[in-house]
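Here's the structure we're looking at; comments come further down.
Since the structure is predicted, the reported quantities are computational estimates derived from the model, not experimental observations.
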Amino acid sequence: MDKIDKLDKKILGILAKNARIPFKDVAAECGVSRAAIHQRVQHLIDNGVITGSGFYVNPKSLGYSTCTYVGLNLERGSMYKEVVGRLRSIPEIVECHFTTGSYTMLLKLYARDNEQLMDLLNNQLQTIPGVVSTETLISLEQSIKREITVRTEE
C-alpha cells in the first residue's frame, strides 16, 4: 500500500461523513479538480483503503428486532475456516470475527424475535461440527455506530 497523504486523508474524512457527496463538492472542498478526486478515490479503492460504499438498511425495518452477539467456542481453533464456511449460509449473521480471549469466534446476528434466535442457536449454530459452546449477548441499544475517524494532522 502506498502512503496515504494529507489530501487522501481529507478525501477520506469527507467521504466517511457522506459517501454520496458528489465528487465536484469534494473537489471544491479540497481545492483540486474533479479528475484528481476521481483518480485519488479510485487509487484508494484499488489499494483496499476504501472497501465499500452503499446504503445501510435498518434491520428493524425488515422485522429483525433482536441484535445479538454470540461467542462461539470451537474444539480447535484450526477449525475456524470450516466453521466460517457453514456460518456463511446463515443470512442472519452479519459479522464474524476470529478472536482472542474468552471465545474462539464472535458473531453479530439479527433475529426477528426470541423464538427465531433460539432456533438459530439450537438448530443452526450449535449443530455445526466443531462448535462446543455458545454464549449469547443481546444488545438492548446501539449507542454508537461510526467509521474510524480520519485524522489529517498526522
Side-chain angles (χ1 to χ4, degrees), residues 1-72 74 77-114 116-117 119-121 124-125 128 134-154:
M1 172 69 228
D2 296 336
K3 188 172 186 220
I4 296 174
D5 65 16
K6 194 171 183 172
L7 178 57
D8 289 332
K9 287 180 180 181
K10 187 167 186 175
I11 294 166
L12 289 169
I14 294 166
L15 294 176
K17 289 178 189 150
N18 178 7
R20 298 177 64 193
I21 188 171
F23 280 0
K24 68 177 182 57
D25 295 347
V26 177
E29 194 168 330
C30 293
V32 297
S33 70
R34 272 191 293 185
I37 296 300
H38 188 271
Q39 289 172 342
R40 292 285 186 129
V41 169
Q42 190 59 53
H43 184 74
L44 292 166
I45 291 168
D46 293 344
N47 286 291
V49 177
I50 296 174
T51 58
S53 65
F55 298 97
Y56 294 106
V57 177
N58 180 346
K60 288 182 181 182
S61 69
L62 299 175
Y64 292 92
S65 61
T66 304
C67 175
T68 307
Y69 294 87
V70 179
L72 237 60
L74 305 181
S78 61
M79 301 177 85
Y80 171 73
K81 288 186 180 179
E82 298 159 37
V83 172
V84 168
R86 294 284 299 268
L87 295 173
R88 286 186 196 283
S89 69
I90 303 171
E92 291 84 0
I93 297 172
V94 296
E95 290 184 26
C96 174
H97 302 268
F98 190 34
T99 62
T100 63
S102 300
Y103 313 112
T104 311
M105 303 169 73
L106 186 64
L107 311 176
K108 180 180 181 182
L109 60 87
Y110 288 96
R112 288 185 297 278
D113 50 34
N114 287 346
Q116 186 195 19
L117 177 59
D119 178 67
L120 287 165
L121 293 169
Q124 295 190 53
L125 296 177
I128 295 172
T134 61
E135 183 174 351
T136 305
L137 306 159
I138 294 176
S139 172
L140 300 175
E141 177 182 311
Q142 180 179 1
S143 303
I144 298 172
K145 180 177 178 162
R146 61 181 170 208
E147 292 295 316
I148 192 75
T149 301
V150 180
R151 300 189 191 281
T152 56
E153 66 274 356
E154 294 174 3

Any chance CD of Gln42 has more than 12 other-residue heavy atoms, nucleotides or ligands included, within less than 6.0 Å?
-> yes

Using the test side chain to side chain contact (heavy atoms under 4.5 Å, CB included), find all partners of Val150 that sit at least two apart in sequence or belong to another chain.
-> Lys9, Leu12

Partners of Asp5 by salt bridge (charged side-chain N to carboxylate O under 4.0 Å, His left out), sequence neighbours excluded?
-> Arg40

Contacts table for residues 100-110: side-chain donor-acceptor under 3.5 angstrom, sequence neighbours left out:
residue, atom, partner, partner atom, Å
Tyr103, OH, Glu135, OE1, 2.8
Thr104, OG1, Leu74, N, 3.2

Within the distance-only criterion (no hydrogens, no angle test), does the side chain of Thr51 pair as donor or acceptor with the backbone N or O of Gly48 below 3.5 angstrom?
-> no

Report yes or no: does Asn58 contribute a side-chain atom to a donor-acceptor pair with the main-chain N or O of Lys60 at less than 3.5 Å?
-> yes

Side chain to side chain contact (heavy atoms under 4.5 Å, CB included) between Ile93 and Val70, worked out | CA-CA 10 Å; Ile93 297 172; Val70 179; over 6 Å; no

Calculate, to the nearest 0.5 Å, the distance between atoms CG and CG belonging to Asn114 and Asp119 respectively.
-> 12.5 Å

Measure the SG-NZ distance between Cys30 and Lys6 for me, rounded to the nearest 0.5 Å.
-> 11.5 Å

Close side-chain approach of Val26 and Val32, heavy atoms under 4.5 Å | no

From Lys10 NZ over to Ile37 CD1, what is the distance, rounded to the nearest 0.5 angstrom?
-> 9.5 Å

Side chain to side chain contact (heavy atoms under 4.5 Å, CB included) with Glu92: which residues, sequence neighbours excluded?
-> Tyr64, Ile90, Gln116, Leu120

Counting only heavy atoms not in Leu62, do more than 12 sit closer than 6.0 Å to its CG atom?
-> yes

List the atom pairs, donor and acceptor, that lie under 3.5 Å between side-chain atoms in residues 78-85 and the rest of the protein, sequence neighbours left out.
none

Excluding sequence neighbours, so at least two apart, what forms side chain to side chain contact (heavy atoms under 4.5 Å, CB included) with Ser33?
-> Ala35, Ala36

What's the spacing between Ile128 CD1 and Leu72 CG if we round to 0.5 Å?
-> 7.0 Å

Look only at the side chain of Thr68 and the backbone of Ile138, and say whether a donor-acceptor pair between them is shorter than 3.5 Å.
-> no

Crowded around Phe23 CZ? As in, over 12 foreign heavy atoms under 6.0 Å?
-> yes

Tightest non-hydrogen contact, residues Tyr69 and Ser139, listed as CE1-CB, 4.2 Å

